[in-house]
Protein chains: 2
Amino acid sequence: MAKNVIRSVKGTRDYYPEEMGVRTWLYQKMRKVSESFGYSEYEGPLLERFDLYVAKSSEEIVEKQSFVFEDRGGDRLTLRPELTPTLARMVASRQNQLTFPLRWWSFGPFWRYERPQKGRTREFFQWNIDMVGDDSPEADAELVAIAATFLREVGLKPDEVQVMVNNRRLMDAQLGKMGIAPEARPDVFNLIDRRDKLSQESWTAYAGELGLSPEQIEGIVALIQNKDLWQESPELVRLFQTLSSYGIEEYVQFAPHIIRGLVYYTGTVFEAWDTSGEHRAIFGGGRYDNLVADVGGDPVGGVGFAVGDLVLTLVLQDLNRLPDFSDSTAPVYFTLFDEALLQTSLELANQLREAGIRVSSQLQADKLGKQFKYADRIGAKVALVLGPDEATNQQISYKNLKTGDQVTIAQQEMVENLRQVLEATKPS
Amino acid sequence: MAKNVIRSVKGTRDYYPEEMGVRTWLYQKMRKVSESFGYSEYEGPLLERFDLYVAKSSEEIVEKQSFVFEDRGGDRLTLRPELTPTLARMVASRQNQLTFPLRWWSFGPFWRYERPQKGRTREFFQWNIDMVGDDSPEADAELVAIAATFLREVGLKPDEVQVMVNNRRLMDAQLGKMGIAPEARPDVFNLIDRRDKLSQESWTAYAGELGLSPEQIEGIVALIQNKDLWQESPELVRLFQTLSSYGIEEYVQFAPHIIRGLVYYTGTVFEAWDTSGEHRAIFGGGRYDNLVADVGGDPVGGVGFAVGDLVLTLVLQDLNRLPDFSDSTAPVYFTLFDEALLQTSLELANQLREAGIRVSSQLQADKLGKQFKYADRIGAKVALVLGPDEATNQQISYKNLKTGDQVTIAQQEMVENLRQVLEATKPS
């Protein structure tokens, strides 16, 4: 049937109520965790000037992988591929009025022009959370703790997900010790970042192309497997010490192979991975020192991370950790016995709403059996029936759609009674 | 200072926490009202194919006023200017699986390439709510009732806002009676719609250009002032009769000059206006019979409306009806007496979070006075202090940042005590 229906855009998604339930549930979890740590919700525009990204080092993303176009006025615009440059712009343009350190979080849409595949669409949603104006390892620890608290909040266990932490300054110093020149290190960071994305052969070949000697390649391989390396970083020592206060230590480990792709990170970097190894990184983040200055503000550093909705949802689905959102939002369906009773039925339904109970109403008279069936299909738990007898006696009947039980009560007991019934039908 | 900061895109907005507070407050009100009537949240993509809009009669919007561009693959895309065509597409592509009537709502971003002015930006947010699959005036009444319930929910009074209802079939029949040919009526609808947007001279001139006779123009002027005209529409008679069951009658009136700009409306149409006359329409909606068929589905009608955030916010601001969102989201600030107490301080702050209390933590030791000042500036109500004496005695002090009162209590009473204090500092 749907053959001639106009198609949606490749890489975008239609959120029917069931899928939207998942997105809203995630958004609420993000809100809960962000606010419990005292972060304020903010949001940038979804359209930004192309310059904003070129100004900063996420250039590779915007040049190759973004939706860029000219508007009718000839301005070159970008559908934002990430939020951090916008955050930097917003901080820079009110730098004198804002109170630092500031703690901000956001949830919204982003776009990348990439080949859609599992865990990757062209339009996706992301939670961003950042602290700006505190350059300490304790600030880094707070963000790592928030990341781990969130994973716990959505029901994931430490043996299922891990936040892997590293530090670029540490890695930079280590590369220096191997005789790798400062100007070659960004490429070596990129090499380390690509280790899990390339085959071993391709990776070694890539390393050779960068002009690394066999000893240096061997040194890098040993370096990114050295689980004790963090002890050489005073920042990481303080970070892990502080982390122990948040009750999420089991979710976090040191991982010297974590580098992050974005070149603007300067210190601590971290990523969350599922331990099954079946998915790409669930999310990532880190410290950036220069971003606000790069868009025209005074120097001020920040630390933060961004969680896309896609991989996270796949991991939660795999582990069967998502609630069931197939039900309608209204647990009560108010049937219509016949047209003469429409007005009274609508009035009683409205009484329920005023009392905070969600209810949909049948608006056209039809066989009761059909109405019950409809109520059940949209996920209602209880169907209310007001027939002529009930109307005369100021009563109302309700049918439990699961058990089929039907009870008649006084209308004045309706609100209290329904509250109890709905409480009882809630999933445990 | 901010001279060299990269600019944002014209007609977009930065939502700093205070502005974001307003948006989130509106979204929550929309959610509450939508769900109380049993509507399920959904969302479409923000990018759609240009064809989706050309297929339907909102063509004038997309051709003249939308962001349209080619992606890297050569597809012609549009930043969605409205949601109804997307709703039609989503219904059409799952028409056999969905249960009708369906009740759906959504809140998200939209774009129009128009000159930014008061109450109009290029990027804006809109609440959409629709019932699809029930063609009755009772369905129309439900949507009008939801619109009025929402206005009441955000604190507006019937003498401040009114939902103005009309019916295009009624108007069509009336134009027919005046001898206006069917093919001329869309232009006459447009003429009626523009009555408040043009000066009287321009309007009369425009009427003349349409080939209307002076008698016909006079007839139209009389028609759109005839407050009793609804009695000639059996649909409107049923609609107003049904409306009386929802307790919002005072918010609704018949208004024969309301036509709506979009050409896809076929029956009931309505708009909400502030009675001060200072703003453009707060929102509008109506019944559309052909939209799903037009995008390739089977014929099924719907009724719905869309509320932009801009005019609504202006009206609420004018009437001083918006809550104050200048405060931080964390009412509690946990100070840091000295570095030695960091770990214990963070642990106690975490205990508060586990108990559901939102708290930000000071991470670097500093003068207590400066910490109190910071706490006050970010909107905290209470500052907690753990000094060496408190630590030794398993106690904690808290300072009410408004009154300056300071109290020392046992740590084990901290959660219960703070709950009470925070309850007391809530705005009435």
Side-chain angles (χ1 to χ4, degrees), chain A residues 1-2 4-6 8-9 12 14-17 20 24 35-36 38 40-49 51-52 55 67 69 71-72 77 89-90 92-93 96 99 103 109 113 123 134 136 138-139 245-247 295-297 328-330 343 346-347 350 353 358-360 363-364 377-378, chain B residues 1-2 4-6 8-9 12 14-17 20 24 35-36 38 40-49 51-52 55 67 69 71-72 77 89-90 92-93 96 99 103 109 113 123 134 136 138-139 245-247 295-297 328-330 343 346-347 350 353 358-360 363-364 377-378:
Chain A
M1 174 232 73
N4 300 314
V5 173
I6 290 174
S8 55
V9 174
T12 65
D14 291 340
Y15 290 87
Y16 288 86
M20 192 63 197
T24 297
E35 292 184 347
S36 85
S40 300
E41 190 178 12
Y42 77 108
E43 177 61 300
L46 311 184
L47 276 178
E48 290 276 13
R49 301 169 65 87
D51 308 353
L52 179 67
F67 286 91
F69 62 95
D71 71 9
R72 288 161 195 259
L77 307 184
R89 180 181 61 67
M90 285 176 65
S93 55
N96 294 329
T99 305
R103 292 171 159 99
Y113 194 81
E123 183 174 277
D134 181 334
S136 69
E138 289 75 25
S245 304
Y246 291 96
V295 299
S328 136
T329 56
Q343 203 141 342
L346 291 177
E347 281 164 15
N350 220 48
R353 277 181 206 118
R358 291 168 292 157
V359 47
S360 329
L363 299 175
Q364 304 307 317
R377 283 181 66 187
I378 63 168
Chain B
M1 173 231 76
N4 301 314
V5 174
I6 289 174
S8 55
V9 174
T12 65
D14 292 339
Y15 289 87
Y16 288 86
M20 193 62 195
T24 296
E35 293 185 346
S36 84
S40 300
E41 191 178 12
Y42 77 108
E43 178 61 300
L46 311 184
L47 276 178
E48 291 277 12
R49 299 170 66 86
D51 308 353
L52 179 67
F67 285 92
F69 61 96
D71 71 10
R72 286 161 196 261
L77 307 183
R89 180 181 63 66
M90 287 176 65
S93 56
N96 294 328
T99 306
R103 291 171 160 97
Y113 193 81
E123 184 174 277
D134 182 333
S136 69
E138 288 76 25
S245 304
Y246 291 96
V295 299
S328 137
T329 57
Q343 204 139 342
L346 291 178
E347 280 164 16
N350 220 47
R353 276 180 207 119
R358 291 168 291 158
V359 47
S360 327
L363 299 175
Q364 304 307 317
R377 281 181 67 185
I378 64 169

Visitor: Taking every heavy-atom pair that is under 4.5 Å apart, which of A:E138, A:Q343, A:R377, A:E123 has the most such pairs with chain B?
Guide: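 Most heavy-atom pairs under 4.5 Å with chain B: A:E123.
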Visitor: Would you compute the distance between atom CE of A:M20 and atom CD of B:E43 and round it to the nearest 0.5 angstrom?
Guide: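 A:M20 CE to B:E43 CD: 5.5 Å, rounded to 0.5 Å.
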Visitor: Run the side-chain contact (heavy atoms from CB on, under 4.5 Å) check on B:F69 and A:L77 step by step: do they pass?
Guide: CA-CA 11 Å; B:F69 61 96; A:L77 307 184; over 6 Å; no
Visitor: Taking the side chain as C-beta and beyond, is there a heavy-atom pair between A:L46 and B:P109 under 4.5 Å?
Guide: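 Yes, their side chains come closer than 4.5 Å.
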Visitor: Grab the two heavy atoms, one from B:S245 and one from A:L346, that are nearest each other, plus how far apart they are.
Guide: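 Looking at all heavy atoms of both residues, the closest pair is CB-CB, 3.5 Å.
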Visitor: Using non-hydrogen atoms and a 4.5 Å limit, figure out which bit of B:S136 sits close to chain A: side chain, backbone, both or neither.
Guide: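 Contact with chain A is through both the backbone and side chain of B:S136.
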Visitor: Looking at every non-hydrogen atom in both residues, tell me the closest pair between A:T99 and B:I378 and how far apart they are.
Guide: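 In this case the closest contact between A:T99 and B:I378 is CG2-CG2, 3.9 Å.
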Visitor: Between B:L47 and chain A, with a heavy-atom cut-off of 4.5 Å, which part of the residue counts as in contact: side chain, backbone, both or neither?
Guide: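 Its backbone and side chain both get close to chain A.
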Visitor: Using a 3.5 Å distance criterion without hydrogens, assess whether the side chain of B:Y16 forms a donor-acceptor pair with backbone atoms of A:M90.
Guide: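 Here the side-chain-to-backbone pair exists.
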Visitor: Taking all non-hydrogen atoms of both residues into account, name the closest pair between A:A330 and B:G38 and its distance.
Guide: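 The pair with the smallest heavy-atom distance is CB-CA, 3.3 Å.
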Visitor: Checking A:R353 against chain B: side chain, backbone, both or neither under 4.5 Å from a heavy atom?
Guide: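 Contact with chain B is through the side chain of A:R353 alone.
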Visitor: So, for A:A139 and B:L363, which heavy atoms are closest and what is the spacing to 0.1 Å?
Guide: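 Looks like CA-CD1, 3.6 Å.
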Visitor: Can you tell which part of A:R49 gets under 4.5 Å to a heavy atom of chain B, answering side chain, backbone, both or neither?
Guide: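 Both parts, backbone and side chain.
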Visitor: Under a 4.5 Å heavy-atom cut-off, does chain B meet the side chain of A:Y246, its backbone, both or neither?
Guide: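 Both backbone and side chain of A:Y246 come within 4.5 Å of chain B.
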Visitor: Among A:Y113, A:Y42, A:F67, who wins on heavy-atom pairs under 4.5 Å with chain B?
Guide: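 Of the options given, most contacts go to A:Y113.
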Visitor: Is B:R89 close to chain A through its backbone or its side chain, or both, or neither, when contacts mean heavy atoms under 4.5 Å?
Guide: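 Both parts, heavy atoms under 4.5 Å.
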Visitor: Identify which part of A:S8 has an atom lying under 4.5 Å from any heavy atom of chain B, answering side chain, backbone, both or neither.
Guide: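 Both backbone and side chain.
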Visitor: Would a distance-only check, ignoring hydrogens and angles, find a side-chain to backbone donor-acceptor pair under 3.5 Å from A:R358 to B:E35?
Guide: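 No; judged by distance alone, with no hydrogens or angles, the pair does not exist.
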Visitor: What heavy-atom pair brings A:A92 and B:V5 nearest, and what distance separates the two atoms?
Guide: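 The pair with the smallest heavy-atom distance is CB-CG2, 3.7 Å.
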Visitor: Give, as side chain, backbone, both or neither, the part of A:D14 having an atom under 4.5 angstrom from any heavy atom of chain B.
Guide: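 Answer is both: backbone and side chain atoms of A:D14 are under 4.5 Å from chain B.
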